[in-house]
Amino acid sequence: MREKDSASVGSPGDTSNSASGAENLVQAQNVHGDVHIHGSAGSSGSRAVPRQLPATVRHFINRTVEQDALTTLLKGAGNDHTVLVSTIDGLAGVGKSTLVVQWAHQVREQFTDGELYVNLRGFDPAAEPMTPAEALTGFLTSLGVAPEAVPATEEARAAQFRTMLHGRRMLLVLDNARDAEQALPLLPGSPGCLVIVTSRQRLDGLVAHHGAQRLALATLTRDEGHELFARYIGAERLADEPAEVEALLEHCAGLPLALTLVAVQAAAEPDIPLEDLASELHDERDRLDALDVGGRTGIRAVFSWSYRTLSPDAARLFRLLGLPTSPDISLGAAAALAGVDQRRVRRVLAELCRTRLLNRQAGDRYVFHDLLRAYARERAHNDDTEQERTAAFQRLLDHYLYSTYAASQRLSPARRLPDLDYTDKQLQRDFTTSDEALAWWDAEHPSVLATIRQAVTLRLPRGPWLAHVATYPYKLRGLIDEFKASSTEGLKGAQEIGDQHAKARLLMDLGTAYFLRRELETAIRYQQSAGNLYDELGEHHWEAVTHVIIGEISLDLKRYADAAASARNALQIQDNSDSPPIDPGAADTVLGLALAHLGNYTEAFNHLHRSLDIARGPLSRGYALTNLGTAYLRAGNIDEAAQTYRQAVEHRRAIGHRLGEATSLKKLGEALHERGDHEGTREAWEAALEILEELGHPDAENVRTHLNRLDAGAPGPGSTE
């Protein structure tokens, strides 16, 4: 992969050089490396009411005892000061999720503030369990928090989640939890909320420490299994072959998943005697190890019967869908995996859904029951060659690489990325708007991370490069933990296959992830390692970027002399390099701010003015103006500071950069407060607060505190960076 000579932007944040309105603007870089997205937001004071329950199933066998227990628990909601929690445990495929979703739909109107649902993937045979931090991110954004306002750490996300649920009446369904530890950070603190947690194992920690009510879900009784069959194929047909029905019930051992698959196939082939089906299940007594319950459940035989009714195309796709470790798969990704166009694969997916071997979700996404995923993977390893499996996964990897590349370029056109050699032109794609690119990323980023991990395990050369290309959208959406995991996996892969160029990029990316996590000393070490490797490789334009980032980190650590030295190193390397700088003006900004803190204002202003002159794009100009205003304020030139901040406010407002506008307004208020203009200060801070509240940004509380202190006549915040 080669570096493009045009349009460039460096890490830790990448600067877009175009703006087409508020809905498409991306704040890609500031002196501290934060990355934000600015889309439409709800009006101040509005509260999102999420309704996230999955759809109910058509043929549900009424589990009266368990539903009554949940209803009894619900009646106690709000009667004391505790959060009500129920745990439901039982075998895989026994119907835990179905029970909860069915019951929850009946009572959802009692939860006026909505319901939240998450599949924690605790026992998925391929996909990684969802971390509490990932689940909290999903909950917070569903509650209206802007992606850039989601805190970086799991603890902070959990605290914000509890704060947002305070006083609300909500239902939370935590499906497929691995253990109590996975669920604990997701518990609200507000009475009136009801939490239901499902798991294959007992969650005694929730019972012992949170007073959870435990329900153990057993398999269906003979009568219940008989009722399920009757709903699909009719009581008359069952009455004609009672012995065969009993045999089918025996082989399925009361497992709703197995019973449903058998009933669906029997209903689809009304001319086939039940005796034939029962005979096949009796002859194939092998079963998935994960569900070998005392040798009673012929689950492999049940799956095999359904599988053998598929068309050749559907059978092949079923096997291939067992290969990825992602939690679900989109229509486009399934097409890439199969190597066919989307129109054709849609028909095949529909066949799999009709046979209940696959479930379709909103947004053209498809998901296996985890037992079926295990079976599909097993069939792929039995029926397909290693070459066929590798080729299919390579197509999937390329799909995610090309799509992530296109999304990153749409979101930050100036970002410098390695050139791609498209091995399959059919997989190449583009996004027409930033909103379209973001929608794709929001839906696909868990699958991208899973694909990176799997590609590294398989030692595929493009795995590390996918991790590098995904850097920008990860930062953009505030997925810092995921960004760190992706870069860590990518670096491991680059080291194992000996790709030094990818290794250098990922050392820098991982350093940026630690920077955003505020682990600053670790961040410096990774950036130093990246800089040394860039020097060995002769990529001096990237070496300069590492020095700029080290300078930014040093500013955070208040090591102003170190920050100045790093910035000077970056400028010297840029001057001696044949390639244009990755981020023009960034080194001058760091040097200017460092010198201002050191009291060398003459040289500081020279560099800050130069940064303003050479900054690329409207976003960079907004940062340069704000940084120049900060230097004026530190130098005591309050009038110049206020004037420069006003220019920054007007510029950022004109290009629709809402969060940037709020930042400059906050700084303007500080300058006006220093000048004694309390009315102007109030006006600036109130305007900043309105924007921050609209965006759901945590800085709103800080500005609100400044306004309260202004009312009380207390000293202002001072001239902070």
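Below, each value reflects all heavy atoms present in this structure, side chains not excepted, and no hydrogens, waters or symmetry copies. Quick caveat: nothing in here was measured; it's all calculated off a predicted structure.
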May I ask you to say whether [X] pairs ionically with [Y], meaning some side-chain N is under 4.0 Å from a carboxylate O?
X    : Y    : answer
R121 : D175 : no
E115 : R51  : yes
D89  : R214 : yes
E444 : R365 : yes

I'd like to know if the side chain of [X] reaches the main chain of [Y], judged simply by a donor and an acceptor atom lying under 3.5 Å from each other, with no hydrogens or angles considered.
X    : Y    : result
W441 : A407 : no
S326 : I329 : no
R410 : F431 : yes
D113 : R169 : yes
D583 : A586 : no

Aromatic ring pairing H468/W465, orientation class (parallel under 30°, perpendicular over 60°, tilted between): perpendicular
Salt bridge (Lys or Arg N to Asp or Glu O under 4.0 Å) filter on R704, not counting sequence neighbours, yields E693, E701
Sorted by chain and number, sequence neighbours left out, salt bridge (Lys or Arg N to Asp or Glu O under 4.0 Å) with D204 holds for R202
Among [options], which residue satisfies the side-chain contact (heavy atoms from CB on, under 4.5 Å) criterion with [X]?
X    : options                : answer
L171 : V195, V100, I196, L116 : I196
L174 : L186, V85, T87         : L186
Y474 : S486, S408, S487       : S486

The ring-ring contact (aromatic ring centres under 6.0 Å, His included) partners of F483 (sequence neighbours excluded) come to none
Those residues at least two apart in sequence (or on a different chain) that pass ring-ring contact (aromatic ring centres under 6.0 Å, His included) with Y117 are none
Closest heavy-atom pair, A700 versus L689, reported as atoms and distance to 0.1 Å, is O-CD1, 3.4 Å
Result for side chain to side chain donor-acceptor pair (under 3.5 Å) between T471 and one of D509, T512, T404 points to D509
Across all chains, not counting sequence neighbours, the side chain to side chain donor-acceptor pair (under 3.5 Å) partners of T153 are none
Residues passing the side chain to side chain donor-acceptor pair (under 3.5 Å) test with H399, sequence neighbours excluded, are none
With side-chain contact (heavy atoms from CB on, under 4.5 Å) as the test, would you mind laying out the steps for L520 and D556 before giving the verdict?
-> CA-CA 8 Å; L520 303 183; D556 268 15; 3.9 Å; yes
